[in-house]
Amino acid sequence: SQNENTFFAGNVPMHPLYIAGWVTLFGSDIFSIRAANLLLALVAAWLACLLGRRLSGSFAYGWLAALMMWCLPGVLFSYRSARPDMEVLILGELLLLALLSKCSVKRIVGVGLVALAMPFAGLQGAPWLAMLFLFAIVLRQLLGKSLTLCAWIKLGVTAAIGGAAGAVLL
C-alpha cells in the first residue's frame with residue numbers, strides 16, 4: 001500500500017482530475033468516459049497535424065501525420081479505455097512544437113510549461129519526453145535550423161527546473 005509520503009512513478013493526477021471534471025459535467029457512463037478519451041485523442045491528432053505541417057511545410061503532410069498517429073496501436077487502445085497515456089503523447093507533441101518554434105521565447109516558455117506539467121501526467125513519460133528532446137536536437141540539425149549550444153543548455157535548464165517544480169507541486 002502507499003501512504004501520503006510515498007511517491008510512485010505511476011501516479012498520474014492529471015488524468016483522474018480531467019476525468020473527474022468530465023464526469024461531473026457529462027456523467028460516468030461508458031460512452032461519456034470514452035468520449036473524454038476520444039477528445040484527448042482528437043487533440044493529439046490535431047497536434048500531430050500541426051507537427052507534420054511545421055516539419056514539411058505542407059498541409060497534406062500534416063493530415064498524413066494525424067492519420068498515422070491515429071493508426072498507432074497505443075492510441076487506438078488508449079482512447080477506448082480510461083488510460084492516462086494520451087496526456088503524455090500530447091505533452092510530447094507540445095514539446096516538439098515548442099522546440100521547433102522559430103521564436104526563442106516560445107521555445108523557453110513551451111519547454112518550461114511541458115516540464116512543469118510532466119510530473120502531473122506521470123513520471124513514466126519522463127524518459128520518453130527526454131528522448132523527444134534529443135530527437136528535436138537532431139531534427140533541427142537535419143532541417144538546417146540548429147540552435148547554439150548555449151540555447152540548448154538554456155532549454156535543458158528550463159526543462160530541469162520546470163520538471164523539478166512540477167514534482168514539488170505534486
Side-chain angles (χ1 to χ4, degrees), residues 9-19 21-22 36-59 61-72 74-79 82-143 145-147 151-170:
N11 290 354
V12 287
M14 186 182 289
H15 191 69
L17 290 172
Y18 169 69
I19 293 297
W22 185 274
N37 287 316
L38 179 61
L39 177 65
L40 291 175
L42 289 172
V43 168
W46 175 67
L47 290 171
C49 183
L50 290 178
L51 271 170
R53 189 170 169 197
R54 169 90 41 95
L55 291 171
S56 69
S58 167
F59 196 67
Y61 283 115
W63 283 106
L64 180 62
L67 180 65
M68 289 173 59
M69 192 271 324
W70 266 95
C71 293
L72 293 172
V75 172
L76 291 172
F77 176 75
S78 289
Y79 93 86
R83 294 186 43 81
D85 304 328
M86 297 309 295
E87 285 93 343
V88 174
L89 176 62
I90 289 170
L91 285 175
E93 290 170 324
L94 288 172
L95 177 66
L96 283 176
L97 282 169
L99 289 171
L100 294 173
S101 175
K102 295 176 185 174
C103 175
S104 63
V105 173
K106 285 182 182 177
R107 276 194 304 270
I108 296 259
V109 170
V111 167
L113 289 175
V114 168
L116 182 67
M118 187 273 307
F120 293 92
L123 293 177
Q124 72 276 7
W128 188 70
L129 292 176
M131 288 188 314
L132 280 176
F133 191 90
L134 294 174
F135 173 71
I137 294 172
V138 172
L139 190 59
R140 285 192 71 105
Q141 287 289 112
L142 292 174
L143 294 173
K145 300 175 182 178
S146 61
L147 297 174
W152 283 114
I153 290 171
K154 286 180 191 175
L155 289 169
V157 168
T158 301
I161 291 171
V168 167
L169 290 173
L170 188 64

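Heads up: numbering here begins at 1 and tracks the sequence. In what follows, every heavy atom counts, from backbone to side chain, and hydrogens, waters and symmetry copies are set aside.
Between the CG atom of Leu94 and the CG atom of Leu50 there is a distance of 9.5 Å, given to the nearest 0.5 Å. The structure places SG of Cys49 at 13.0 Å from CE of Met68, a figure rounded to the nearest 0.5 Å. Taking OH of Tyr18 as the reference point, atom CG of Asn37 lies at 6.5 Å (rounded to 0.5 Å). Here the CZ-CG distance, from Arg54 to Leu96, works out to 10.5 Å after rounding to the nearest 0.5 Å. How far CG of Leu42 is from CG of Leu47: 11.0 Å, rounded to the nearest 0.5 Å. The structure places CG of Leu38 at 9.0 Å from CE of Met86, a figure rounded to the nearest 0.5 Å.
Across Leu100 and Leu51, no two heavy atoms sit closer than the pair CD1-CD2, 4.0 Å. Contact record, Ala48 with Ala66: CB-CA, 3.9 Å, taken as the closest heavy-atom pair. Taking each heavy atom of Arg107 and Ala98 in turn, the nearest pair found is CG-O, 2.8 Å. Between Glu93 and Ala44, the shortest heavy-atom distance links the atoms OE2-O, 2.8 Å.
Between the side chain of Arg53 and the backbone N or O of Ser58, no donor-acceptor pair lies under 3.5 Å.
No more than 12 heavy atoms of other residues, nucleotides or ligands sit less than 6.0 Å from atom CH2 of Trp46.
Ring geometry, Phe59 versus Trp63: the interplanar angle exceeds 60°, so the pair is classed perpendicular (tilted spans 30 to 60°).
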